[in-house]
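Whatever order the structure lists them in is the order used to number ligands and atoms, beginning at 1.
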Amino acid sequence: MEKIKAMITGVQGYVPEYRLTNKELEKMVETNDEWITSRTGIKERRILKGENQGTSVMGIEAAKGLLEKTNTDPKDIEVVICATVTPDMPFPATANIIADKIGAKNSFSFDISAACSGFLYALQLGSQFIESGTHKKVLVVGADKMSSIVDYKDRTTCILFGDGAGAVLLEPAEGDLGIRDAILRSDGSGEPFLHMKAGGSRRPASHETVEAREHYAYQEGSTVFKFAVTNMADASAEVMERNGLKGDDVAWLVPHQANKRIIDATANRMGVGPEKVMMNIERYGNTTAATIPLCLWDYEKQLKKGDNLILAAFGGGFTWGAIYVKWAYDPK
Ligand SMILES: CC(C)(COP(=O)(O)OP(=O)(O)OC[C@H]1O[C@@H](n2cnc3c(N)ncnc32)[C@H](O)[C@@H]1OP(=O)(O)O)[C@@H](O)C(=O)NCCC(=O)NCCS
């Protein structure tokens, strides 16, 4: 019997209204629009404002929109996975909150922590529920409120990140469509270069940790940059080779949006021209787990059934990977 595969049957994104521009950042830290644009490609990012507004707020919006556009009854959703490093709280899982608010009463739900590669990890895991034959409708959300862990006094990180969410629906695939192959990796020795020191069990929150500004994302940008370029490109090249794909066979590269220069280097290594690279970093910055579904959402109308997509990401952990997807539907 042919092995069941999973396919994406819909995608939806959500970004908050508030736009934090480079000009506004110029008033907050010693930086300028020219430096940010030339070093990162970012012009503005969205920020979720308001009291008691957590990551789930954005995940719920994306998930609700997705159910509506795919005519899916929330009671038919069997699994909800949310990739995030900015959960509403350590527990319960943000996925639990999303599942409750969208009425996915017959699902079980949990979070995945793999930073900027979180969506790829969640997509692969979600696909495997379908592939095993045990589940037929899986909701995969990538959502992060990075503004809640960004130090707006640190010019090397605050220029990079924004808030957003994206969601996809996974269902059993037809023919050779859907999630074809995945290469996912992690290397915990990357911890010193990208992490948040306090707030976990090693350094619980205290006056001291707050005063030392340890509840913010810490990054050694140039080290992360080098690892990101090498590993994202290696994983993408490997998944292409394993599936006999050349640059010309790839319709779209869907890269994690961390820095335009990392994206350009990855595309170059894969032999994929800039016209085939999804890019929205200039408008949203790095939304961590949300970048890839937000790209798919932005470009959905240009995607055709049978298009070969390579999704590639790199993030804190370190985590990285690439997934080969044969897009399953024409624009609706
Ligand atoms: C953070 C990042 C944009 C910095 O760019 P870079 O070209 O590596 O710049 P460097 O860190 O070498 O810094 C160069 C100079 O610019 C300065 N600089 C840093 N941030 C600045 C800012 N916002 N505005 C102006 N100058 C800035 C630095 O202080 C440094 O000055 P110095 O030479 O006098 O010390 C880049 O390293 C990066 O994108 N890293 C990867 C980020 C990433 O992918 N993170 C998420 C993982 S998914």
Salt bridge present between [X] and [Y] (N-O < 4.0 angstrom):
X	Y	answer
E26	K23	yes
K43	D33	yes
R155	E30	no

Could you tell me whether [X] and ligand 1 have an N or O pair separated by under 3.5 Å?
X	result
R261	yes
R155	yes
H256	no

So, does V29 sit close enough to ligand 1 that a heavy atom of it is under 4.0 Å from the ligand? no
Is the closest heavy-atom distance from S222 to ligand 1 below 4.0 Å? yes
Sequence-distant partners of F129, ring pair (Phe, Tyr, Trp, His ring centres under 6.0 Å), two or more places apart: F108, H135
Measure from [atom] to the protein's non-hydrogen atoms and state whether any distance is below 4.0 Å.
atom	value
atom 2 (C) of ligand 1	no
atom 30 (C) of ligand 1	no
atom 12 (O) of ligand 1	no
atom 18 (N) of ligand 1	yes

Note: with side-chain heavy atoms under 4.5 Å as the link, the other cluster members for Y216 come out as none
Heavy-atom closest pair, residues G13 and A62: C-CB, 4.2 Å
Report the member of F193, W320, W35 with the shortest heavy-atom distance to atom 27 (C) of ligand 1. W35
Considering non-hydrogen atoms of the protein only, which is the closest contact for atom 24 (N) of ligand 1, and what is the distance? T31 OG1, 2.7 Å
Establish, from distance only, whether the side-chain atoms of Y18 and E44 form a donor-acceptor pair under 3.5 Å. no
